[in-house]
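On a predicted model such as this, the values are computed, not experimentally measured, just so you know.
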Amino acid sequence: MPEFSTIQKMNIDAIVDLIGNQITKNVQTNPRKARKILRTAFRLDYFYKKILPPGNLAKSKCYLKMICEKNIITALSHPEKSAMVSLFVPCEPLTAMGIHAFSVESLSSYISGTHSHPVFLEKAEKDGLPETLCSYHKIFLGAAAYDVMPKPRFIIHTNVACDANQITFRKLENYFNIPHFKLDVPYRKSEEAVAYVADELRTMVKFIENCENRKMDQNKLLETIHRSAATVTSYQNYIDLNRTHYLRGDLTAELQMTFISHMMLGTPEAEIFAERSVEEIKETPPNNGIKLLWLHTIPFWQKPVQSLLNTNDSVHISLCDMGYESLIPVDTEKPYESMARRLVYSPFNGTIESRIEKALEIAERIQADGVIYFCHWGCKATLGGASLVKTKMEAAGYPVLLLDGDGCDSRNAGDGQAATRLEAFIEMLKGTK
């Protein structure tokens, strides 16, 4: 590694490239060292943000970045106390039992942020996974195959909302040789489906108890559910305030909202963030900039998108559906049914019409000026629904840009095309506002 004086003279991209190269260099010969470099990079970034938080971001968004990175650091540092989950798994029972929950998708995003993702993608494809499989899943599978990922306590996943889940978690169960529980969510939305999933969640708790060799403290679960309810209430207030105000953030922060509404929902940190966001956005001046509703994951790393949308009062992402999709009111007297309803009535469960209906509801609430529908490479459900989303949203008066790309694989992105199309869309919105 270069001396510190040399690192001081390098820009951020060069430092990240250096880290990525060191990880890539060690994955085959010394995977534990590669893991250590990965973990150390995140720790250094965490302390850097703690000492020098980004001055151009809202304070609550800076706090968001801290707690999300801590989630990843804990997964890498204390795997024996961590459970691997898919993004949509209700994690309140894990939080109540003091088990750290992290998602495959979020950890893959952070790996992508170190510029080391190509070596893991190539490993997954070399092992027989198709190029068309979701890159979030391929990155993690490649890292697991190289033994860069530490062995967690157990795995829990659900069939919402990704076909790749059915491949990824079976493979990970074999890689790590650990217990595995699957939540099966009925495709059709009904109260019968809610009751069915609530019973599955009770079975999931028994699975966790067996893995941990201890019983769930129901009072702890209720405390966690109450925090979820408070977080959801605050977040719903935040959505309404987005109609006239803008809480300055960047692409990464908008994507990190998925932590709050998913695996961290029910934690004290999520509740604090949601409360701070509401209080802070109330104090911002009225904003008349272009408000974008973003549908699906965000290519947080892509320079042209960053330059147009990061910390930009005149045009910005107001909300992303990956962040708000699970924010369904919580009945604190029926914790299992509340968690089940979040899954069954998720706009990502069922037909694409469900997702469109929710997008239309949110677009009206925030008075969105336009919609960006991100066609993430490898996500068949999203790609297949693109034309219908555009037709229905535009019929309701919301201009839509279908933007092709990849959420975390730079090999599947064209910066020039993204910049040209996004710039033209923004200019069109400015001309009609």
For salt bridge (charged side-chain N to carboxylate O under 4.0 Å, His left out), just list the numbers for Lys392 and Glu357, CA-CA rounded to whole Å, side-chain angles, deciding distance to a tenth of an Å, and then say yes or no.
CA-CA 9 Å; Lys392 293 267 181 112; Glu357 288 173 10; over 6 Å; no

Report the C-alpha distance between Met264 and Cys91 in whole Å, list the side-chain angles of each, state the deciding distance to 0.1 Å, and finish with yes or no for side-chain contact (heavy atoms from CB on, under 4.5 Å).
CA-CA 7 Å; Met264 291 183 69; Cys91 293; over 6 Å; no

Show your reasoning for whether side-chain contact (heavy atoms from CB on, under 4.5 Å) applies to Glu279 and Arg276.
CA-CA 5 Å; Glu279 293 308 311; Arg276 288 183 181 180; 5.8 Å; no

Show the numbers, then the answer: is there a side-chain contact (heavy atoms from CB on, under 4.5 Å) between Leu141 and Glu125?
CA-CA 10 Å; Leu141 286 166; Glu125 290 166 6; over 6 Å; no

Would you please test Lys358 and Glu353 for salt bridge (charged side-chain N to carboxylate O under 4.0 Å, His left out) and show each step?
CA-CA 9 Å; Lys358 188 65 178 180; Glu353 280 82 0; over 6 Å; no

Checking Val305 against Leu251 for the side-chain contact (heavy atoms from CB on, under 4.5 Å) test, could you report, in this order, the C-alpha distance in whole Å, the side-chain angles of both residues, the deciding distance, and whether it holds?
CA-CA 8 Å; Val305 187; Leu251 299 180; 3.6 Å; yes

Pair Arg355, Asp321 - check salt bridge (charged side-chain N to carboxylate O under 4.0 Å, His left out), show working.
CA-CA 9 Å; Arg355 197 168 171 189; Asp321 68 343; 3.1 Å; yes

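Using a 4.5 Å cut-off on side-chain heavy atoms (C-beta onward), Ile23 and Arg35 make no contact. Using a 4.5 Å cut-off on side-chain heavy atoms (C-beta onward), Leu292 and Ser318 make no contact. For the pair Met263 and Leu94, the minimum side-chain heavy-atom distance is 4.5 Å or more. Contact annotation: the side chain of His137 never approaches that of Ile167 to less than 4.5 Å [non-hydrogen atoms, C-beta and beyond]. Between Ser106 and Ile72 the shortest side-chain heavy-atom distance falls below 4.5 Å. Leu183 places a side-chain heavy atom less than 4.5 Å from the side chain of Met204. Side-chain contact between Cys320 and Met257 is absent, with no heavy atoms from C-beta onward closer than 4.5 Å. In this structure, the side chains of Asn312 and Ile290 stay at 4.5 Å or more apart for every pair of heavy atoms.
The closest side-chain donor-acceptor pair between Glu271 and Thr231, if any, does not fall under 3.5 angstrom. Glu325 and Ser346 share a side-chain donor-acceptor pair at under 3.5 Å. Using modelled atom types and a 3.5 Å distance limit, the side chains of Arg153 and His100 yield no donor-acceptor pair. When only modelled atom types and interatomic distance are considered, Thr297 and Tyr136 share a side-chain donor-acceptor pair under 3.5 Å. Between the side chains of Gln166 and Asn159, no donor N or O sits under 3.5 Å from an acceptor N or O. Asp406 and Asn412 form a side-chain donor-acceptor contact under 3.5 Å, judged by distance and modelled atom types alone. In this model, a donor atom of one side chain and an acceptor atom of the other lie less than 3.5 Å apart for Arg43 and Ser77.
Atom CZ of Arg32 has 12 or fewer heavy atoms from other residues, nucleotides or ligands within 6.0 Å. For Asn174, the CG atom is densely surrounded, since the number of other residues' heavy atoms within 6.0 Å is greater than 12. Within a 6.0 Å sphere centred on OH of Tyr175, other residues, nucleotides and ligands contribute more than 12 heavy atoms. Within 6.0 Å of atom NZ in Lys25, 12 or fewer heavy atoms from other residues, nucleotides or ligands are found, so the atom counts as exposed in its surroundings.
Nearest heavy-atom pair across Ile99 and Ser82 is CG2-C, 4.2 Å. Here the closest heavy-atom approach between residue Glu105 and residue Leu87 is recorded as OE1-N, 3.4 Å. Minimum interatomic distance between Leu327 and Gln236 (heavy atoms only, all atoms of both residues): O-NE2, 2.8 Å. Leu201 and Ala340 make their closest contact through CD1-N, 3.6 Å (heavy atoms, listed as atom of the first residue, atom of the second, distance). Gly266 and Glu92 make their closest contact through CA-CG, 4.3 Å (heavy atoms, listed as atom of the first residue, atom of the second, distance). In this structure, Arg411 and Lys138 approach most closely via the heavy-atom pair NH2-NZ, 4.4 Å.
The pair Lys390-Glu394 meets the salt-bridge criterion, with a side-chain N (NZ, NE, NH1 or NH2) lying under 4.0 Å from an Asp/Glu carboxylate O. Asp45 and Lys50 are not joined by a salt bridge, as no carboxylate oxygen comes within less than 4.0 angstrom of a charged side-chain nitrogen. A salt bridge links Lys65 to Asp250: at least one charged side-chain nitrogen sits closer than 4.0 Å to a carboxylate oxygen. Electrostatic pairing of Glu254 and Lys61 counts as a salt bridge here, judged by a charged N lying under 4.0 Å from a carboxylate O. Using a cutoff of 4.0 Å between basic side-chain nitrogens and carboxylate oxygens, Glu361 and Arg365 are scored as salt-bridged. With salt bridges taken as basic N to acidic carboxylate O contacts below 4.0 Å, one links Lys49 and Glu69.
Here the straight-line distance linking atom CD1 of Ile362 with atom CG of Leu319 works out to 6.5 Å at 0.5 Å rounding. Here Met149 contributes atom CE and Leu76 contributes atom CG; the two are 5.5 Å apart, rounded to the nearest 0.5 Å. To the nearest 0.5 Å, atoms CG (Leu241) and OH (Tyr246) are separated by 15.5 Å. Distance CG/Leu57 to CZ/Arg248: 8.5 Å, rounded to 0.5 Å. Note that NE2 of His226 is 4.0 Å distant from OG1 of Thr332, once rounded to the nearest 0.5 Å. To the nearest 0.5 Å, atom CZ of residue Phe140 and atom OG of residue Ser103 are 9.0 Å apart.
Under the 6.0 Å cut-off for aromatic ring centres, His157 and Phe169 qualify, their centroids lying closer than that.
Remark: the backbone N or O of Leu429 is paired with a side-chain donor or acceptor of Thr432 at under 3.5 angstrom. Counting only distance, with no hydrogens or angles, the side chain of Asn71 and the backbone of Ile67 share no donor-acceptor pair below 3.5 Å. Side-chain N or O atoms of Ser86 include one that pairs as donor or acceptor with a backbone N or O of Thr158 at under 3.5 Å. Ser307 places a side-chain N or O within 3.5 Å of a backbone atom of Pro304 that can act as its donor or acceptor partner. For Asn26 (side chain) and Pro31 (main-chain N/O), no donor-acceptor pair under 3.5 Å exists by modelled atom type. Distance alone, capped at 3.5 Å, is enough to place a donor-acceptor pair between the Gln306 side chain and the Phe300 backbone. Proximity of a side-chain donor or acceptor of Trp301 to a complementary backbone N or O of Gly407 within less than 3.5 Å is detected. Remark: side-chain polar atoms of Thr420 are not paired, donor with acceptor, to backbone N or O of Gln417 under 3.5 angstrom.
Below 30°, between 30° and 60°, or above 60°: for Phe88 and His262 the angle between ring planes is above 60°, a perpendicular geometry.
Each ring-ring contact (aromatic ring centres under 6.0 Å, His included) pair with one or both residues in residues 110-135, not counting sequence neighbours, appears once here: Phe42-Tyr110.
Because its NZ or CZ atom is not both nearer than 6.0 Å to the ring centre of Phe176 and within 45° of the ring axis, Lys151 does not count as a cation-pi partner of that residue.
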